[in-house]
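As structure tokens, the structure follows; a few thoughts come after it.
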Amino acid sequence: MVGQRLEIRQGQGLVITPQLQQAIKLLQLSNQELDEYVEAELEKNPLLQRDETEAGPAREAGDAEPAAASSSDTSELSFSDAGASERSSTVDAGENDVYGDATPGERTVDRLSDEAAQPGISDWSTAGKGGSAYDGEGGERPDQREATLWEHLQAQASSAGLDATDHAIALSLIDAVDEGGYLRGELAEIADRLGCGLERVEAVLTVCHGFEPTGIMARSVPECLKLQLIERNRFDPAMAALLDNLEMLARRDLQGLRQACGVDAEDLAEMISELKALTPRPGAGFGGEPAQTVIPDVHVRPDPAGGWKVELNTDTLPKLLVDKRYHASVSAGARTETEKAFVADCAAQANWLVKSLDQRAKTILKVASEIVRQQDAFLAFGVEFLRPLNLKTVADAISMHESTVSRVTSNKYVSTPRGVFELKFFFTASIASTGDGAAHSAEAVRHRIKSMIDHEAREGDVLSDDRIVELLNEAGIDIARRTVAKYREALRIPSSVQRRRMLKFA
């Protein structure tokens, strides 16, 4: 029989309060994002203030409560791994993709060009660094900011003697230039947007091709190199054929290039040498957007007593105070229930934020300390000794949930004697051993593969993927050929056939 009835059931459930949601959010914020969040809270909450000094008047009078995150007791941990039980695990983590966004032609010439073999760059790489600014007292001080590529091109367009219409077209073309100096916009679209003829846009582009650096605003790598060769009076039919077959040059197909260009081996070698002296990215020598500096959240240093010392970078931690004197003053002056509720809510939010920042600092220190304990061999001996590690291993060791460890390690960096690394770097996939030995880290295996291939040039023996698999198996690493190929491609290392041609070409 179908009917309705009223029942009362007792059960347990987890309710995430808004405060808990905010605390979880704080864990995954980077130090820059955290500073922005704290700044917003300071604007909203009148009871919060920054701790600008170590011992200000408010602290001496006992009227303010400092955030415990600034205490040295919670910002330093020294330990040694003596007596710690060994933990081993397997992990299934995603691989890192390190493919660049360069075009095949750019990669071709980049591989041929040595860093020191680029004459001509010095002619324009320092352009736009001059100028001055007033210091506010009637004097001038040098402008330390480098001119961007777009500012450099706009300045040349202004002094090119163009009329108002052509100058507007030139500015639109400059807006379509990427950081490498290439024109990425379609001329027909630009002409249609500006309401002018395509022929006029092409004529203005021809003028812009005379701007410095030479090769700027080209639409392809061959056109960029062509402009540079024309300036050097070295562009002829044979060189044009070479530029039309850059993919053959990338494959080191010298016989095919000799037939396509109609030259002998000596002339082809001279032509390739001339290409090496050019740059496929003429805009790379100019200042762009300022790079974001990575500020580590944790410092790791050798402990003189043995082991490693893990310290929080207190410079990245916001230091907040709860102004109790002001709280008492406004509480006494509150008359309506709305005012009293507002003051009470501000006090609760301020105290919660101070405690949450303290808990966040302790959690970061706890997770980082466990990661350092697990990866102490990497710190002591290098990447070949990086151990397989996953979130569960760290979470179980410090009695936390995996999601908490994942949030803590997101956008957090650690400074070590071997460099600055994101905490996620230490979590690597596991590759089984051929015997009963411990598993190997995927990052360590990638490093071993790269080292093998780096030794080819000295030994003169190019290793195939199958041979690399055999050598790794002899070293106790159980790995498939397709995995070796995947790691090799991720490291942007050509195949054995291409490396053999490169070695013969050299």
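Just so you know, these numbers use all the heavy atoms, side chains as well, and skip hydrogens, waters and symmetry mates.
Atom CG of Leu463 sits about 11.0 Å away from atom NE2 of His455, to the nearest 0.5 Å. Atoms NZ and CD1, on Lys486 and Ile479 in that order, are 8.5 Å from each other to the nearest 0.5 Å. With rounding to the nearest 0.5 angstrom, the CG atom of Leu386 is 4.5 Å from the OG1 atom of Thr428. Note that the OG1 atom of Thr483 and the CZ atom of Arg446 stand 11.0 Å from one another [nearest 0.5 Å]. Here Asn313 contributes atom CG and Leu317 contributes atom CG; the two are 7.0 Å apart, rounded to the nearest 0.5 Å. A distance of 12.0 Å separates CD of Gln374 from OG of Ser369, quoted to the nearest 0.5 Å.
A salt bridge is defined here as a Lys NZ or Arg NE, NH1 or NH2 lying under 4.0 Å from an Asp or Glu carboxylate O, and Glu33 with Lys25 fails to meet this definition. At a threshold of 4.0 Å, the pair Asp466-Arg482 does not count as salt-bridged, since none of the basic side-chain nitrogens sits closer than that to a carboxylate oxygen. Ion pairing of Asp297 with Lys412 is absent here, as no side-chain N (NZ or NE/NH1/NH2) approaches a carboxylate O to less than 4.0 Å.
The two residues Pro318 and Leu34 make their nearest non-hydrogen contact at CD-CD2, 3.6 Å. Nearest heavy-atom pair, His152 versus Pro213, reported as atom, atom and distance to 0.1 Å: CD2-CD, 4.4 Å. Nearest heavy-atom pair, Thr314 versus Lys319, reported as atom, atom and distance to 0.1 Å: O-NZ, 2.9 Å. In terms of heavy-atom proximity, Leu389 sits nearest to Phe426 at CB-O, 3.5 Å. Across Pro282 and Gly215, no two heavy atoms sit closer than the pair CG-O, 3.7 Å. For the pair Ala475 and Arg448, the tightest heavy-atom approach, listed with the atom from each and the gap, is CB-NH1, 3.9 Å.
Looking at Asn351, its side chain does come within 3.5 Å of a backbone N or O of Ala347 through a donor-acceptor pair. A donor-acceptor pair under 3.5 Å links the side-chain atoms of Asn31 to the main chain of Ile295, judged by distance alone. Within the 3.5 Å criterion, the main-chain N or O of Arg387 finds a donor-acceptor partner in the side chain of Gln375. Judged by distance alone, with hydrogens and angles left aside, the side-chain atoms of Arg418 form a donor-acceptor pair with the main-chain N or O of Phe378 at under 3.5 Å. Distance alone, capped at 3.5 Å, places no donor-acceptor pair between the Arg360 side chain and the Val408 backbone. Between the Gln156 side chain and the Glu212 main chain, a donor and an acceptor come within less than 3.5 Å of each other. At distances below 3.5 Å, not a single donor-acceptor pair connects side-chain atoms of Asp303 with backbone N or O atoms of Gly307. Using a distance-only test at 3.5 Å, with no hydrogens or angles considered, no donor-acceptor pair links the side chain of Thr404 to the main chain of Met400. A donor-acceptor pair is defined here as one N or O able to donate and one able to accept, closer than 3.5 Å; such a pair exists between the side chain of Trp150 and the backbone of Val177. Panel note: side chain Ser406, backbone Glu402; no donor-acceptor pair is recorded below 3.5 Å.
Within 6.0 Å of NZ in Lys424 there are more than 12 heavy atoms belonging to other residues, nucleotides or ligands.
Put simply, the side chain of Val372 does not reach to within 4.5 Å of the side chain of Val298, judged on heavy atoms. Residues Phe427 and Val394 meet the side-chain proximity criterion, which asks for heavy atoms closer than 4.5 Å. Contact of the Ile453 side chain with the Ile468 side chain is registered, since non-hydrogen atoms from C-beta on lie closer than 4.5 Å. Under the 4.5 Å side-chain criterion, counting only non-hydrogen atoms from C-beta, Gln359 is not in contact with Leu26. The shortest distance between side-chain heavy atoms of Leu320 and Leu42 falls below 4.5 Å. Between Val414 and His299, every side-chain heavy-atom pair lies at or beyond the 4.5 Å cut-off. For the pair Leu48/Asp323, no side-chain contact is recorded, criterion being any heavy-atom separation below 4.5 Å from C-beta on. A 4.5 Å side-chain heavy-atom check between Arg407 and Ser403 finds at least one atom pair inside the cut-off.
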The test is side chain to side chain contact (heavy atoms under 4.5 Å, CB included); show your working for Leu149 and Ile174 and say whether it passes. CA-CA 9 Å; Leu149 173 63; Ile174 291 172; over 6 Å; no
Please determine whether side chain to side chain contact (heavy atoms under 4.5 Å, CB included) holds for the pair Arg50 and Glu39, giving the CA-CA distance in whole Å, both sets of side-chain angles, and the decisive distance to 0.1 Å. CA-CA 9 Å; Arg50 286 191 182 273; Glu39 193 64 35; 2.9 Å; yes
Verdict with reasoning, Tyr182 to Ile216, per side chain to side chain contact (heavy atoms under 4.5 Å, CB included): CA-CA 6 Å; Tyr182 286 90; Ile216 201 68; over 6 Å; no
Give the intermediate values and the outcome of side chain to side chain contact (heavy atoms under 4.5 Å, CB included) for residues His327 and Ser331. CA-CA 6 Å; His327 178 219; Ser331 296; 3.3 Å; yes
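Aromatic ring pairs are classed by plane angle as parallel below 30°, tilted from 30° to 60° and perpendicular above 60°; the pair Phe385 and Phe381 is tilted.
Note: Phe425 and Tyr413 fail the aromatic proximity criterion, with ring centroids not under 6.0 Å apart.
Residue pairs meeting the ring-ring contact (aromatic ring centres under 6.0 Å, His included) criterion with at least one member in residues 340-364: none, sequence neighbours excluded.
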